Amino acid sequence: MSPPNTSIPALFLNIFGLLFALQAGVSRVEGRAFFVFGDSLVDSGNNNYLVTSARADSPPYGLDYPTHRPTGRFSNGFNIPDIISQNIGASESPLPYLDPELNGRRLLVGANFASAGVGILNDTGIQFVNIIRISLQLEYFREYQQRVSALIGAQQAKQLVNQALVLMTLGGNDFVNNYYLVPNSARSRQYALPDYVRFLISEYQKVLSRLYDLGARRVIVTGTGPLGCVPAELAMRSRNGECSAELQRAAGLFNPQLIQMLRGLNSKIGKDVFIGANAQQMHNDFITNPGAFGFVSSKVACCGQGPYNGLGLCTGLSNLCPNRDQYAFWDPFHPSEKANKIIVQQILTGSTDYMTPMNLSTILAMDS
C-alpha cells in the first residue's frame, strides 16, 4: 500500500503563500497615490486611445520628454501632473486610465483620467466628438476602485483612495470651447456672462461633491489661467498684443467664485478637502514680466503659425522655436514645460495669494 499523498495540501499552502506574498508586494507602493481629472492641461495621453481631433500624439509634441517622442501630453515635455508626481515621492507618473499597461502594481500609483477638450459642462468640446467628459471620468474612477479592490481588498483600496492626492483642472474650455467658441454661441445666447459663470460654478460644485463621495479627501482644484492672454486668443482677438478684455473678464469672474465655492464645500464637510490653486495669478506673473523668469516671450507660442504662432494646431509643419525654455507657451493654448515647473513650484510653496487655504508642501507635512 502506498503512503498517503501529502503533496496536495503542501501545494495549496505554497500557492496560498505565493498569493499572499504577491499581494503584500503589490500593496507596498512608494509615495501616495495620485489621481488626475480634467482637460488638456493635465491629460497624459487618454485621448491617444480615442477617435478625436483633440490629441497630441504626433511630433513635435514630446520633443523634450525623456523619450523625445509624443506621449499625448500637450507639452514639449513634462506636464503639471508629471512635475507634481516628482515632488510627492511617487515612483512614476500615474498612467492614463485608458493605457493598457495600467494594471497590477501600476494601478496603485494612481491613474490619470483627464481628457483634452472637456469642461465642466457636457456640451463643452462637442466639436472634438469623442472625449472623456467629466461625468465619465468620475465613473472610470469608481471602476478603478473596483479593480484595486480586487487586487488588494476593499479596505486597503478605500484607504489608498482616501490618502491619495487628487488634481482637478477644469473650466477653461467652458469659455474658449463653448461660450466664446463662435459669435452668438448657444450658451452665450442662453446666458449673460455673469449668469453663465454662476451656472458653471453650481455645476462644478456637483462634480466636486461627487468626487468627495467617491472617496477623495485631498483635492487641488486649479482655477483658469488668464484666458485672454494665451497666443490663440491674441491671434484671434488682439491688435496690439493686449489680452482680450472679454476673456479676461470671464476668468476674473470665474476664479474668485470658484474659491468661494471651495470654501463653502470645506465648511460643509468640516475639513479642508478642497485646495484652490490660483492659476490666473501663477500665469500672470510670467505673462506680465517674462524676463524675470528667463522667457523672451509670453505672447508668442513656441510652436504654431500665424500671428503670435497662435493659429491652428502645433504640427510638424509649424514654426518651431529652437529653445523651448525661452517661451512661456509651448503651443497656442498650453504652457511650456518650463512654465509648468514654475506653476507647480507655486502649488508646492506658494503663499495664500496662490494657494487657498494652504500649499502642497503644507499638505504633505500635515499628512505625513
Side-chain angles (χ1 to χ4, degrees), residues 27-38 41-42 78-94 107-114 138 141 144-145 148 152-170 204-205 207-223 255-282 285 340-368:
S27 64
R28 284 197 298 270
V29 181
E30 293 175 39
R32 69 200 294 180
F34 182 30
F35 300 107
V36 182
F37 301 86
L41 290 166
V42 292
F78 290 127
N79 65 6
I80 288 169
D82 294 320
I83 302 162
I84 289 177
S85 290
Q86 293 160 10
N87 281 281
I88 64 171
S91 54
E92 59 182 300
S93 274
L107 275 167
L108 308 188
V109 174
N112 186 319
F113 302 91
L138 295 175
F141 186 38
Y144 162 91
Q145 293 183 44
V148 172
I152 59 173
Q155 191 55 43
Q156 273 190 287
K158 183 174 186 288
Q159 189 177 354
L160 179 144
V161 170
N162 288 165
Q163 293 176 353
L165 181 70
V166 180
L167 176 66
M168 173 71 80
T169 296
L170 283 176
Y204 206 175
Q205 183 169 335
V207 169
L208 295 175
S209 296
R210 174 71 178 136
L211 187 60
Y212 179 79
D213 290 343
L214 286 167
R217 294 296 179 266
R218 284 289 191 202
V219 186
I220 295 172
V221 182
T222 67
N255 289 315
Q257 289 184 49
L258 175 63
I259 295 299
Q260 192 178 352
M261 181 263 281
L262 298 180
R263 284 187 176 131
L265 277 174
N266 286 339
S267 177
K268 187 177 169 185
I269 294 164
K271 57 177 72 169
D272 291 325
V273 170
F274 296 101
I275 315 298
N278 188 342
Q280 187 170 14
Q281 187 56 53
M282 293 171 189
D285 287 350
N340 282 332
K341 287 177 177 174
I342 295 166
I343 291 163
V344 172
Q345 192 55 51
Q346 291 292 12
I347 289 173
L348 273 166
T349 61
S351 68
T352 49
D353 290 337
Y354 299 91
M355 298 294 293
T356 307
M358 67 189 102
N359 59 37
L360 179 53
S361 294
T362 304
I363 292 169
L364 295 175
M366 285 173 61
D367 294 349
S368 63

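In this text the structure is predicted, and so the values were computed from the model without any measurement.
Distance CZ/F274 to CZ/R218: 11.5 Å, rounded to 0.5 Å. The line from CE of M358 to CG of L364 is 11.0 Å long, rounded to the nearest 0.5 Å. The CD atom of Q346 lies 9.0 Å from the CG atom of D353; values are rounded to the nearest 0.5 Å. Rounding to the nearest 0.5 Å places NZ of K341 at 10.5 Å from CG of D82. The CE atom of M168 lies 12.5 Å from the CZ atom of F35; values are rounded to the nearest 0.5 Å. With rounding to the nearest 0.5 angstrom, the CD1 atom of I347 is 11.0 Å from the OG atom of S361.
The shortest side-chain heavy-atom distance between F37 and T169 does not fall under the 4.5 Å cut-off. The shortest side-chain heavy-atom distance between L108 and L160 falls under the 4.5 Å cut-off. K268 has its side chain out of reach of R263: every pair of non-hydrogen atoms, C-beta onward, lies at least 4.5 Å apart.
Side chain of S209 to main chain of Q205: a donor-acceptor pair is present (N/O by atom type, distance under 3.5 Å, no hydrogens or angles). At distances below 3.5 Å, at least one donor-acceptor pair connects side-chain atoms of N162 with backbone N or O atoms of G215. At distances below 3.5 Å, at least one donor-acceptor pair connects side-chain atoms of R217 with backbone N or O atoms of Y212.
By the 6.0 Å contact criterion, CD on Q86 is enclosed, its count of non-hydrogen atoms from other residues, nucleotides or ligands being greater than 12.
Nearest heavy-atom pair across L208 and L265 is CB-CD1, 3.9 Å. Nearest heavy atoms, P94 versus S85: CD-OG, 3.3 Å. For the residue pair V161 and L214, the shortest heavy atom distance occurs at CG1-O, 3.8 Å. The two residues P81 and S93 have their closest heavy-atom pair at O-OG, 4.2 Å. For V109 against S91, the heavy-atom pair with the smallest separation is CG2-OG, 3.8 Å. Looking at every heavy atom in both residues, I220 comes nearest to A277 through CG2-CB, 4.1 Å.
Comment: R32 engages D367 in a salt bridge, judged by a side-chain N to carboxylate O separation of less than 4.0 angstrom.
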field: Test log, rule side chain to side chain contact (heavy atoms under 4.5 Å, CB included), inputs I80 and I343
entry: CA-CA 8 Å; I80 288 169; I343 291 163; 4.1 Å; yes

task: Go through N340 and F78 one step at a time and tell me if the side chain to side chain contact (heavy atoms under 4.5 Å, CB included) criterion holds.
output: CA-CA 8 Å; N340 282 332; F78 290 127; over 6 Å; no

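The side-chain contact (heavy atoms from CB on, under 4.5 Å) test with L360 singles out one residue from N87, I84, V344, and that residue is I84. Results of the side-chain hydrogen bond (donor to acceptor under 3.5 Å, both in side chains) test with Y354 over N278, D285, N359, T349 single out D285 as the only residue that passes. Of the listed residues (V219, I275, V42), just one forms a side-chain contact (heavy atoms from CB on, under 4.5 Å) with L167, and that residue is V42.
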